[in-house]
Amino acid sequence: MQINDQRSLMTLAHLLVEPKRSRRFKRRLVFKFGDLLISPPFPFSLLFFILEYTHSSIMVKVTVCGAAGGIGQPLSLLLKQSDVITHLSLYDIVNTPGVAADLSHINTKSKVTGHVGAAQLEEAIKDSAIVVIPAGVPRKPGMTRDDLFKINAGIVRDLAVAAAKFAPKAFMCIISNPVNSTVPIVTEVFKQFNVYDPKRIFGVTTLDIVRASTFVSGLIGAEASTLRIPVVGGHSGVTILPLLSQVAGTDKLTKEQIEQVTHRIQFGGDEVVKAKDGAGSATLSMAFAGARFALNVLEASVKGTSNIVECTYVHLDADQAGAKETKAVVGDDVEYFSVPVELGPNGVQKILPIGQINEYEKGLFAAAVPELTGNISKGSAFITEGAKL
Ligand SMILES: NC(=O)c1ccc[n+]([C@@H]2O[C@H](COP(=O)([O-])OP(=O)(O)OC[C@H]3O[C@@H](n4cnc5c(N)ncnc54)[C@H](O)[C@@H]3O)[C@@H](O)[C@H]2O)c1
Ligand SMILES: O=C(O)C[C@H](O)C(=O)O
């Protein structure tokens with residue numbers, strides 16, 4: 001049973017207690033009946049429809065690709081705590097049977113399965129509602145995220161091909177670096193398989209937002225967990241653009257403090273890479289951020305909860321007013337940007353405007369655009385100019 005059908009069933013349940021939603025439900029029901037009316041004979045298909053809805057349970061499969069890794073393991077642990085996920089599918093090229101066996105002893109709702117190697121990728125990914133990808137190599141001191149392209153581009157491409165074939169409706173949450181390029185790679189793969197939907201492909205930049213609230217909270221005396229700071233742009237150094245001028249309380253900070261904390265947010269990843277001293281990059285904070293993002297996508301899509309907003313790196317879809325406004329600031333050449341997005345049943349419900357930016361932030365934007373556009377073209381060209389898939 002697909003996620004849209006599951007949502008209709010839940011809407012039916014909600015309808016009994018929430019009459020206000022009835023109009024939306026009726027629209028969906030007509031659509032469902034519309035589907036059935038074209039497959040005769042009508043009375044039988046109606047019966048199957050009722051049986052399907054009364055005898056099936058709601059299934060929400062989430063696949064983590066790279067599940068045995070530094071991010072993959074704690075991320076899977078956090079996802080195992082969800083009461084929405086019914087099947088947690090763990091894929092990696094090594095060690096997933098052990099990780100799956102371990103997690104499967106936890107007494108929460110989801111069943112856990114482990115899948116190792118390319119031969120088991122179809123089974124791992126098939127019919128997933130969400131595919132989260134933290135697969136690939138992390139940085140060592142002295143490396144940029146772009147240095148990871150050589151290895152990670154191919155890894156992400158192969159996982160995207162599997163998703164395009166076996167879970168084309170999945171919400172794709174891309175963590176693997178360089179995010180600025182890996183998201184265009186997934187897009188181009190989905191285009192080649194004719195299953196592309198810009199509303200369903202996300203670069204996970206949540207760690208930048210999490211860091212921003214941690215670093216700024218101390219300076220302005222706010223509670224970090226409730227402080228939401230928009231961080232837009234991309235996910236590498238100068239392409240990370242914290243919009244501190246939009247946060248109440250930052251007007252009390254000096255120019256020097258703003259510059260220092262902006263730099264710390266932009267290069268927070270380097271702090272961890274340096275401290276880990278060759279043993280990788282952020283894993284635990286990323287698992288926290290990745291789980292928050294994936295669970296919010298589920299909350300909006302499966303549960304139908306409204307008004308969930310996350311900054312995420314998406315295609316600036318021409319149909320969206322917020323995307324047009326962003327392009328008016330950054331230029332038409334910037335096809336992808338992390339922007340505040342209202343999440344909904346089908347992924348991106350609405351791209352929200354990035355809002356007012358001050359002169360200092362305008363300077364940051366100008367510095368970000370050349371690097372970002374270069375990263376985007378590199379990712380897109382990897383597929384469009386690469387070998388046929
Ligand atoms: N978006 C972000 O904010 C963010 C934050 C932190 C790290 N990252 C990135 O996430 C990625 C993973 O980081 P990590 O610390 O977990 O690395 P890691 O090396 O600890 O784990 C990566 C895992 O990917 C697996 N893997 C490799 N090739 C694979 C393939 N073809 N299919 C499936 N799995 C495969 C490895 O076996 C390993 O278990 C890196 O690229 C890193 O730069 C992104
Ligand atoms: O810094 C890295 O390479 C990992 C990640 O992108 C981060 O921001 O921590």
Side-chain angles (χ1 to χ4, degrees), residues 179-180 183 202-271 285 289 292-293 296 307-317 320-331 333-343 348-373 375-376:
V179 168
N180 293 359
V183 171
F202 305 96
V204 182
T205 56
T206 319
L207 181 53
D208 300 322
I209 289 97
V210 167
R211 281 185 180 134
S213 54
T214 304
F215 300 162
V216 172
S217 65
L219 296 174
I220 62 171
E223 172 59 51
S225 62
T226 57
L227 190 61
R228 282 299 178 109
I229 299 178
V231 182
V232 300
H235 177 68
S236 70
V238 297
T239 71
I240 298 172
L241 303 168
L243 303 182
L244 301 182
S245 66
Q246 296 180 8
V247 180
T250 54
D251 52 338
K252 295 186 194 77
L253 301 179
T254 62
K255 183 171 167 284
E256 200 177 43
Q257 281 177 310
I258 293 279
E259 285 172 8
Q260 274 172 3
V261 77
T262 297
H263 186 272
R264 191 170 179 210
I265 296 163
Q266 291 185 315
F267 295 91
D270 297 36
E271 257 181 47
S285 51
R292 171 173 128 182
F293 186 76
N296 270 338
N307 297 321
I308 297 182
V309 175
E310 286 283 6
C311 285
T312 168
Y313 185 73
V314 291
H315 187 258
L316 290 176
D317 187 359
Q320 293 267 346
K324 278 190 200 139
E325 284 180 46
T326 303
K327 283 200 168 194
V329 179
V330 296
D333 289 347
V334 181
E335 289 178 80
Y336 297 82
F337 211 71
S338 187
V339 278
V341 165
E342 187 184 319
L343 298 168
V348 176
Q349 175 103 330
K350 201 175 189 185
I351 293 181
L352 302 172
I354 53 175
Q356 291 286 322
I357 56 172
N358 64 18
E359 286 307 310
Y360 171 64
E361 289 158 356
K362 279 182 193 158
L364 297 177
F365 271 60
V369 166
E371 183 169 323
L372 191 54
T373 47
N375 295 157
I376 293 167

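Looking at every heavy atom in both residues, Ser338 comes nearest to Val231 through OG-O, 3.8 Å. The nearest pair of heavy atoms linking Val238 to Ala367 is CG2-O, 4.0 Å. Taking each heavy atom of Gly203 and Val183 in turn, the nearest pair found is CA-CG2, 3.4 Å. In terms of heavy-atom proximity, Ser217 sits nearest to Ala224 at OG-CB, 3.4 Å. For Ala323 against Ile351, the heavy-atom pair with the smallest separation is N-CG2, 3.6 Å. What you find for Ile354 and Gln246 is that their closest heavy atoms are O-NE2, 2.7 Å.
In this structure, the side chains of Leu253 and Leu219 come closer than 4.5 Å at one or more pairs of heavy atoms. Counting heavy atoms from C-beta on, the side chains of Ser285 and Val210 never come closer than 4.5 Å. You'll find the side chain of Val339 reaches within 4.5 Å of the side chain of Leu316, heavy atoms only. Residues Gln257 and Thr250 form no side-chain contact, since every pair of their non-hydrogen atoms from C-beta on lies 4.5 Å or further apart. In this structure the side chain of Val314 never reaches within 4.5 angstrom of the side chain of Tyr336, judged on heavy atoms. In this structure the side chain of Val179 never reaches within 4.5 angstrom of the side chain of Val204, judged on heavy atoms. In this structure, Ile240 and Phe267 have side chains that are not in contact, with every pair of non-hydrogen atoms separated by 4.5 Å or more. The closest side-chain heavy-atom distance from Asp208 to Thr205 is below 4.5 Å.
Taking a cutoff of 4.0 Å between a charged side-chain nitrogen and a carboxylate oxygen, Arg264 and Glu271 qualify as a salt bridge.
Few gaps surround NZ on Lys327; more than 12 heavy atoms of other groups in view lie less than 6.0 Å from it.
Atom-to-atom distance recorded for Gln320:CD and Lys350:NZ is 8.5 Å, nearest 0.5 angstrom. Separating the CZ atom in Phe202 from the SG atom in Cys311 is a distance of 13.0 Å, to the nearest 0.5 Å. Rounded to the nearest 0.5 angstrom, Ile229 CD1 and Ile220 CD1 are separated by 6.5 Å. Going from atom NE2 of His263 over to atom CG of Leu364 covers 11.0 Å, rounded to the nearest 0.5 Å. Considering CD of Glu361 and CG of Leu244, their distance stands at 6.5 Å, rounded to 0.5 Å. We find the NZ-CG distance between Lys362 and Leu241 to be 14.0 Å, quoted to the nearest 0.5 Å.
With hydrogens and angles ignored, the 3.5 Å screen pairs no side-chain donor or acceptor of Gln349 with any backbone N or O of Val341.
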Check against side chain to side chain contact (heavy atoms under 4.5 Å, CB included), Leu243 and Val232: CA-CA 7 Å; Leu243 303 182; Val232 300; 4.0 Å; yes
Intermediate values then yes/no, side chain to side chain contact (heavy atoms under 4.5 Å, CB included), Asn296 and Leu343: CA-CA 8 Å; Asn296 270 338; Leu343 298 168; 4.1 Å; yes
Verdict with reasoning, Glu310 to Arg228, per side chain to side chain contact (heavy atoms under 4.5 Å, CB included): CA-CA 9 Å; Glu310 286 283 6; Arg228 282 299 178 109; 4.0 Å; yes
Worked verdict on Val348 versus Asp317 for side chain to side chain contact (heavy atoms under 4.5 Å, CB included): CA-CA 10 Å; Val348 176; Asp317 187 359; over 6 Å; no
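There is no side-chain donor-acceptor pair under 3.5 Å between Thr254 and Glu256. If you check the side chains of Asn180 and His235, you find no donor sitting under 3.5 Å from an acceptor. Using a 3.5 Å distance cut-off with no hydrogens or angles, the side chains of Gln356 and Ser245 do not pair a donor with an acceptor.
Tyr313 has its ring centre no less than 6.0 Å from the ring centre of Phe337.
The side chain to side chain contact (heavy atoms under 4.5 Å, CB included) test with Leu227 singles out one residue from Ile209, Val216, Thr214, and that residue is Val216.
Applying the salt bridge (Lys or Arg N to Asp or Glu O under 4.0 Å) rule to Glu259 yields the partners Lys255; only residues at least two apart in sequence or on another chain are considered.
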